[in-house]
J.: 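Encoded as structure tokens, here's the structure I'll be asking about.
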Amino acid sequence: MTNKFSILTKYIAFWIILGLGLIGCTIVTIYQLYTWFLYEKAKTVAEQVIMFRQWTASYGGIWTKDKYDNHFGYLLKASNEKTSLLSTNENLIGEEVNTIFYLHNPALATRELSSLSEKKAKEFRWIFKVVSDRPISPQGIPDQFEREAIKTLRKEKKEELGKFIKDGFFNFSSYKYRYVKVIRVKKGCLKCHGTPEELDPRFKQAILDKYGPTAKRGMNYKEGDIRGVISVTIFPNFKGTFAHFLRPAPENFFLLTIFLTVIFMTFGSFVAVYWMITRIKQLRDAARNISIGKLEVDLGVKGLDENKVKDELTQVAIALEKLRISTKILSERFKNRKK
């Protein structure tokens with residue numbers, strides 16, 4: 001079967017198969033590296049949200065002065081007819097009258113930060129939200145992916161989960177990287193999310209007033225329970241990534257060097273094989289001519305010493321030249337005897 005194809009055809013077929021294999025492996029490798037990059041980015045976002053929540057919780061929440069977002073509201077309100085402004089050294093800077101402060105507990109502050117991420121989605125190309133299978137607000141209701149992720153995390157006792165989601169391989173605009181990270185109930189969370197004995201009566205009443213009957217879903221947790229997840233969505237920028245690798249930046253020189261090395265190696269090996277095939281064809285044609293008595297063939301090796309030549313094809317040519325000469329001598333002797 002293989003004898004039906006020339007060496008050059010086999011060589012070209014080999015490189016085509018090898019090239020397709022290398023392209024496939026490269027695509028898979030790039031896909032895995034890019035997925036890992038998106039995972040690290042999503043994980044970083046989730047960890048920053050966790051740090052923000054921990055910082056907010058360490059101060060019992062965030063108080064804003066005189067204003068709040070009407071969409072989210074507030075948990076508690078504190079009014080003061082007269083407020084003294086003191087410097088770090090307790091020096092009186094000034095006084096304000098009829099000031100109002102609004103408390104944003106960690107969960108509420110996180111939802112407001114999530115809303116900001118949605119407004120900045122086109123610029124930052126990521127959004128996040130905090131959801132739970134026991135939500136107390138509309139913003140905390142999980143979508144299908146998040147519901148399944150929470151179930152999987154509970155069942156497999158994992159802390160995080162990431163997945164590339166797409167609607168069609170070539171529909172690049174549908175590509176999203178979804179990532180969720182578990183939020184576990186800490187000791188400081190129990191005054192709002194604990195059992196009736198652990199709840200702070202003031203926060204309990206404030207939560208019930210704000211969220212109504214659904215507020216009870218967020219209670220009766222124990223320390224270490226899964227309260228919900230931080231859900232991060234990354235929108236890959238394929239054009240930007242591709243353009244980045246085409247820029248003449250120092251970090252791209254290594255990839256360019258590898259690419260050029262592969263090109264030069266392929267071209268060099270093709271030139272070497274083409275030269276060998278050309279030489280083999282020359283020897284083939286010479287052998288055919290000798291076999292039919294055409295002995296005036298120039299193999300280009302006259303005067304070469306076989307013992308001093310290292311090239312194997314040239315050694316074959318020298319051996320064929322000796323055969324040509326021997327055949328010519330025998331042919332002339334045979335003709336002379338006939339005479």
Side-chain angles (χ1 to χ4, degrees), residues 35-62 69 71-73 75 104-165 175-194 207 210-211 214-215 217-236:
T35 301
W36 176 83
F37 166 77
L38 294 176
Y39 159 77
E40 287 293 327
K41 184 176 181 179
K43 183 180 179 181
T44 300
V45 172
E47 289 172 344
Q48 289 176 337
V49 173
I50 290 174
M51 286 190 291
F52 171 76
R53 289 171 64 90
Q54 290 176 346
W55 174 80
T56 307
S58 67
Y59 292 101
I62 297 175
D69 191 322
H71 179 69
F72 293 99
L75 186 64
H104 308 256
N105 61 312
L108 180 58
T110 305
R111 282 197 291 273
E112 295 184 64
L113 186 63
S114 171
S115 176
L116 181 61
S117 76
E118 292 179 0
K119 294 177 182 178
K120 294 286 187 177
K122 289 185 178 180
E123 180 181 353
F124 297 152
R125 305 194 70 84
W126 58 263
I127 61 174
F128 87 90
K129 57 181 179 176
V130 176
V131 298
S132 173
D133 51 356
R134 289 164 56 181
I136 64 174
S137 69
Q139 296 85 2
I141 299 175
D143 59 24
Q144 183 178 355
F145 169 79
E146 292 159 344
R147 284 195 298 270
E148 293 177 356
I150 292 173
K151 290 179 182 178
T152 301
L153 292 171
R154 289 185 188 278
K155 182 179 179 181
E156 299 181 6
K157 297 181 180 180
K158 292 183 177 179
E159 295 297 312
E160 60 180 5
L161 186 149
K163 186 178 181 181
F164 226 138
I165 296 177
Y175 277 60
K176 298 176 184 177
Y177 186 80
R178 302 293 305 271
Y179 173 87
V180 293
K181 187 173 182 63
V182 164
I183 299 177
R184 294 195 177 274
V185 177
K186 305 293 184 181
K187 187 175 181 180
C189 305
L190 297 177
K191 60 184 177 181
C192 293
H193 299 289
I207 293 171
K210 179 173 177 57
Y211 298 106
T214 59
R217 297 177 186 169
M219 301 176 183
N220 289 306
Y221 280 94
K222 300 187 297 296
E223 186 176 357
D225 285 349
I226 296 178
R227 173 67 186 101
V229 295
I230 298 172
S231 177
V232 181
T233 302
I234 306 291
F235 304 98

J.: Any idea which heavy atoms bring S132 and P142 closest together, and the distance?
T.: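 Minimum heavy-atom contact is O-CD, 3.1 Å.
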J.: For H193 versus G218, what's the shortest heavy-atom pair and its separation?
T.: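 Minimum heavy-atom contact is ND1-O, 2.7 Å.
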J.: Identify the two heavy atoms, one from I207 and one from C192, that lie closest to each other, and give their separation to 0.1 Å.
T.: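 Closest heavy-atom pair between I207 and C192: CD1-CB, 3.8 Å.
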J.: Heavy atoms only: give me the nearest I127-A121 pair and the separation to one decimal.
T.: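 Looks like CG2-CB, 3.5 Å.
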J.: Please name the pair of heavy atoms, one in V131 and one in Q139, separated by the smallest distance, quoted to 0.1 Å.
T.: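 Scanning both residues completely, I find the closest heavy atoms to be CG1-O, 4.2 Å.
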J.: Using 0.5 Å steps for rounding, measure from the CZ atom of F145 to the CD1 atom of I165.
T.: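 Going from CZ on F145 over to CD1 on I165, the span is 5.0 Å.
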J.: Is there side-chain contact between R53 and V130, with heavy atoms separated by less than 4.5 Å?
T.: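 Yes, side chains in contact.
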J.: Using modelled atom types only, decide if a donor and an acceptor are shared between the side chain of S117 and the backbone of S114 within a distance under 3.5 Å.
T.: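 Answer holds: yes.
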J.: Below 4.5 Å, heavy atoms only, C-beta onward: do K210 and L108 meet side chain to side chain?
T.: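 Sidechains of L108 and K210: in contact.
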J.: Set out, in order, the CA-CA distance, both residues' side-chain angles and the distance that settles side chain to side chain contact (heavy atoms under 4.5 Å, CB included) for Y221 and R134, then state yes or no.
T.: CA-CA 11 Å; Y221 280 94; R134 289 164 56 181; 3.3 Å; yes
J.: Taking the six-membered ring for Trp, are the ring centroids of Y175 and F164 within less than 6.0 Å of each other?
T.: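 Ring centroids of Y175 and F164 are less than 6.0 Å from each other.
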J.: Under a 3.5 Å distance rule, please check whether T152 uses its side chain to pair with a backbone N or O of E148 as donor and acceptor.
T.: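 Yes: the side chain of T152 pairs with the backbone of E148.
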J.: Hey, is the main chain of K163 close enough, under 3.5 Å, to the side chain of R178 for a donor-acceptor pair?
T.: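 Pair absent, no side-chain N/O of R178 close to backbone of K163.
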J.: Look at E159 together with R184 and state whether they make a salt bridge at an N to O cut-off of under 4.0 Å.
T.: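 Counted as a salt bridge, because a side-chain N and a carboxylate O are separated by less than 4.0 Å.
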J.: Roughly how far apart are E146 CD and Q144 CD, rounded to 0.5 Å?
T.: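 With rounding to 0.5 Å, CD (E146) is 11.0 Å from CD (Q144).
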J.: How about NZ on K176, more than 12 heavy atoms from neighbouring residues, nucleotides or ligands closer than 6.0 Å, or not?
T.: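 Result for NZ/K176: open.
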J.: Under a 4.5 Å cut-off applied to non-hydrogen side-chain atoms, are D133 and R154 in contact?
T.: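 Yes, at least one pair of side-chain atoms sits under 4.5 Å.
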J.: Say you draw a straight line from CZ of F128 to CG of L116; how long is it, rounded to the nearest 0.5 Å?
T.: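 Those atoms lie 8.5 Å apart.
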J.: Within the 4.5 Å heavy-atom criterion, are I62 and W55 side-chain neighbours or not?
T.: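 Yes; the side chains approach each other to less than 4.5 Å.
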J.: To the nearest 0.5 Å, tell me how far E160 CD sits from Y179 OH.
T.: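 Taking CD in E160 and OH in Y179, the distance rounds to 3.5 Å.
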J.: How many angstroms lie between NZ in K186 and CD in Q54, if you round to the nearest 0.5 Å?
T.: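 Nearest 0.5 Å value for the NZ-CD distance: 6.5 Å.
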J.: Using a 4.5 Å cut-off on heavy atoms from C-beta on, say whether the side chain of I150 contacts that of V180.
T.: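 SC-SC contact between V180 and I150 ruled out.
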J.: With side chains defined as the heavy atoms from C-beta onward, is the minimum distance between S137 and R111 less than 4.5 Å?
T.: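 S137 vs R111: side chains touch.
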J.: State whether the side chain of Q48 and the backbone N or O of V45 hold a donor-acceptor pair below 3.5 Å, judged by distance alone.
T.: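 No.
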J.: If every non-hydrogen atom of G140 is compared with every non-hydrogen atom of P135, which pair is closest and at what distance?
T.: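 What the structure gives for the nearest pair is O-CB, 3.4 Å.
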J.: Under the 3.5 angstrom rule, does the side chain of R227 hit a backbone N or O of V185 as a donor-acceptor pair?
T.: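 No; zero donor-acceptor contacts below 3.5 Å.
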J.: Considering only heavy atoms from C-beta outward, does the side chain of I234 approach that of F37 to under 4.5 Å?
T.: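 SC-SC contact between I234 and F37 ruled out.
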J.: Checking the side chain of R217 only, and the main-chain atoms of I136 only, is there a donor and an acceptor separated by less than 3.5 Å?
T.: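 Not a single qualifying donor-acceptor pair exists.
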J.: Kindly compute the distance separating OG (S115) from NZ (K129), expressed to the nearest 0.5 Å.
T.: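 Output value for this atom pair is 12.5 Å.
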